[in-house]
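Any value given below was found using the heavy atoms of this structure, including those in side chains, with hydrogens, waters and symmetry copies removed. Numbers restart at 1 for each chain; the letters A, B, ... are given by sequence-line order, proteins then strands.
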2 protein chains.
Amino acid sequence: MSKGRYHHGDLRSALLDAAEALVRERGTDNWSLREASARVGVSPSAAYHHFASRDTLVRALSERTLAWLGDRLRQDCERAPGRRTDPQQRLIAIGRGYVSWTVEDPAVARLVLRAGATGPDSSIAPHPHDVLAAEFDRLVEAGGLPAPARPGAEFVFWSAVHGLAVLLADGLVHIDGSRAVELQAERVARAVLNGLAQEKTPSTDRPTARSSHTERLARRSIPEIDEIH
Amino acid sequence: MSKGRYHHGDLRSALLDAAEALVRERGTDNWSLREASARVGVSPSAAYHHFASRDTLVRALSERTLAWLGDRLRQDCERAPGRRTDPQQRLIAIGRGYVSWTVEDPAVARLVLRAGATGPDSSIAPHPHDVLAAEFDRLVEAGGLPAPARPGAEFVFWSAVHGLAVLLADGLVHIDGSRAVELQAERVARAVLNGLAQEKTPSTDRPTARSSHTERLARRSIPEIDEIH
DNA sequence: TGCAGATCTCAACACTGTTCAGATTGGAGC
DNA sequence: GCTCCAATCTGAACAGTGTTGAGATCTGCA
C-alpha cells in the first residue's frame with residue numbers, strides 16, 4: 001500500500017480490487033471509475049495509465065475472475081464423489097459449482113457473464129470452457145457419451161448450466177437456500193447429460209458452435225492491438 | 001404525432017419506441033434518456049411525467065417486449081410441425097423461437113433478459129413463462145413426460161434455452177447462420193426433454209423454483225406502489 | 001549525479017440523470 | 001361561450017460521470 005507515496009506500486013490490480021469491491025457493495029453497474037480511483041487514493045485520470053477506458057477495466061476484472069472461476073471449477077471436479085470412476089459426477093460438480101458461484105456472488109457474476117467475448121490479448125487460464133471440454137472428452141473415453149454425440153456437446157451442457165446461473169443472478173427465477181440451488185443445478189446437469197447420451201440426430205445435421213475463447217486461440221495470428229500509450 | 005403541438009398525444013409509448021430504436025442503433029446501454037426525448041422532440045424532463053426514472057423506462061420497454069415475445073412464442077407453437085399430435089414439437093418450437101429472437105434482435109434481447117424481476121404492477125400477457133408452463137402441462141397429458149417429473153420441469157427447459165440465448169446475445173458463443181442457430185436450439189431443447197422424460201430422482205429431493213412472474217401473482221395482495229406524482 | 005520515461009495530479013470538457021418552479025394546454029362544468 | 005383545474009411540457013440548474021491533455025513528481029538506469 002504505502003500511503004502518501006506518489007507512486008502507488010501496483011495501481012492496476014489495486015483498481016481491480018476496488019472495482020470488484022464496489023460491484024459487490026453497490027451492484028453490477030452502480031459504481032464509477034472515479035469512486036474506484038478515490039478508494040485507492042488516486043486521481044481519476046491515474047486509472048487511464050493502466051486501462052484505456054472504464055470498459056477496459058471491467059473486461060480486465062472480468063478476465064481475472066474468469067481465470068479464478070476456471071480454477072474453482074477444476075477443483076470442484078476433483079472433489080466430486082466417485083471422481084475417479086464416474087466422469088458424469090465430475091460434470092455435475094462443474095454445473096453445481098458454476099451455479100453456486102453466481103448465487104454466492106451475483107453482482108460480480110453478472111459483470112463477468114455479461115462482459116461478452118473475451119478480448120484478443122486475454123490469456124485466461126484455466127479457461128472455464130477448456131475445463132468443461134476436457135471433462136467431456138473424459139466422459140466419452142469412459143463410455144458415458146457416444147462419440148458421435150461428442151462434437152459440440154459441451155455447448156449444450158454449458159447453455160443449460162449458464163441459463164440457470166443467469167436466471168438466478170438476474171433475479172428472473174428464485175430458489176430458496178443454497179442446497180436447493182445445488183439440487184436444481186444437478187437436475188439440470190443430469191437432464192442434459194442423459195438427453196445427450198441418447199441422442200439420435202445424425203451428426204451432419206449438427207451446427208458448429210464456437211466459444212469466443214477458442215475462437216481467439218484459432219486466430220491468434222491476427223494482432224488486434226489496443227495498447228495504451 | 002402532430003408536430004409542433006405542446007401536448008404530444010401519446011408521449012409514453014413514443015418514448016418507448018425511441019428508446020427501442022436507440023437500443024438497436026447504439027447498443028443495449030449506449031443511449032441516454034435525453035437522446036430519446038430529443039428524438040421525440042420533447043424536453044428531457046418531459047419524460048419524468050411518464051417514467052419515474054430512466055430505469056423505469058427500461059423496465060417498461062422490457063415488459064412491453066416480454067408480452068410481445070409471449071405472443072410470438074405462442075404463435076411459434078401453433079405453427080410447429082405435428083402441433084396437434086406431438087406436444088414435444090411444440091416445445092421445441094418454443095425453444096427455437098426464443099433463441100432465434102435473441103439473435104435477430106440481440107441488443108433489445110439483452111435489455112429485456114437483463115432487466116431482472118418484473119415489476120409488481122406489471123401485467124405482461126401472455127407471459128412467456130405461462131406459455132411455457134401450459135405446454136408442459138400438455139406434454140404430461142399426452143404422456144410425453146411422466147407426471148412425477150412435471151413439477152419445475154419448465155425451469156429446467158427454460159434454463160437450457162435461456163442459456164443458449166444469452167450466450168449468443170452476449171457474444172460468448174458464436175454460431176454462423178440462422179439455420180445453424182435453430183438447429184442448436186433444437187438440439188438443446190431435445191436433449192433436455194429427453195433427459196427429463198427418463199428422470200429417476202425421487203420428487204422429494206426436488207427444489208422448488210419460482211419465476212419472478214408467478215411470484216408476483218402469488219402475492220398480488222401486497223401493494224408495492226411506485227406511482228408518479 | 002543526471003536525466004529519460006513511467007506514473008500521477010489538476011483543471012477542464014461535454015454529457016449524463018434528475019429536480020423544480022413556472023409556462024402551456026385540453027377538457028369538464030357552468 | 002367561458003372559466004378554471006389538472007395534466008402536460010419547458011427551461012434552467014445541480015451534482016456527478018467518463019475522458020483528455022498539459023504539467024508535476026518520482027524511479028531506475030546511464
Which residues pass the salt bridge (charged side-chain N to carboxylate O under 4.0 Å, His left out) test with [X], not counting sequence neighbours?
X: A:Arg138; value: A:Glu135
X: B:Asp71; value: none
X: A:Asp130; value: none
X: B:Arg74; value: none

* Asked: Below 6.0 angstrom between ring centroids: does that apply to B:His162 and B:Phe155?
  ->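 Ring centroids of B:His162 and B:Phe155 are no less than 6.0 Å from each other.
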* **Footprint string (nucleotides 14-21 of chain C, 5' to 3'): B base within contact, S backbone only, - free, heavy atoms under 4.0 Å** => --BBBBB-
* Kindly state each residue pair satisfying side-chain hydrogen bond (donor to acceptor under 3.5 Å, both in side chains) with at least one member in residues 165-174 of chain B, sequence neighbours excluded. =>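 Non-adjacent pairs meeting side-chain hydrogen bond (donor to acceptor under 3.5 Å, both in side chains): A:Arg210-B:His174, B:Arg114-B:Asp170.
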Could you state the atom-to-atom distance from [atom1] of [X] to [atom2] of [N] in whole Å?
X: B:Leu15; N: D:dC9; atom1: CG; atom2: C1'; answer: 12 Å
X: A:Leu11; N: C:dT9; atom1: CG; atom2: C1'; answer: 13 Å
X: B:Asp29; N: D:dT17; atom1: CG; atom2: P; answer: 17 Å
X: B:Asp10; N: D:dA7; atom1: CG; atom2: P; answer: 17 Å

* Asked: Think B:His50 has a side-chain N or O under 4.0 angstrom from the OP1 or OP2 of D:dC9?
  ->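 Yes, because at least one side-chain N or O of B:His50 sits under 4.0 Å from OP1 or OP2 of D:dC9.
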* Terminal axes of the helix from C:dG2-D:dC29 to C:dC30-D:dG1 (five pairs each): angle between them, nearest 10 degrees ->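 Between the first-five-pair axis and the last-five-pair axis there is 10°.
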* To do: Just jot down the side chain to side chain contact (heavy atoms under 4.5 Å, CB included) partners of B:Ala115, sequence neighbours excluded, or say none.
  =>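 Testing B:Ala115 for side chain to side chain contact (heavy atoms under 4.5 Å, CB included), a comparison that skips the adjacent residues, returns B:Ser62.
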* Which residue pairs pass the salt bridge (charged side-chain N to carboxylate O under 4.0 Å, His left out) test when at least one of the two sits in residues 152-165 of chain A, sequence neighbours left out? ->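 Pairs touching residues 152-165 of chain A that pass the test: A:Arg150-A:Glu154.
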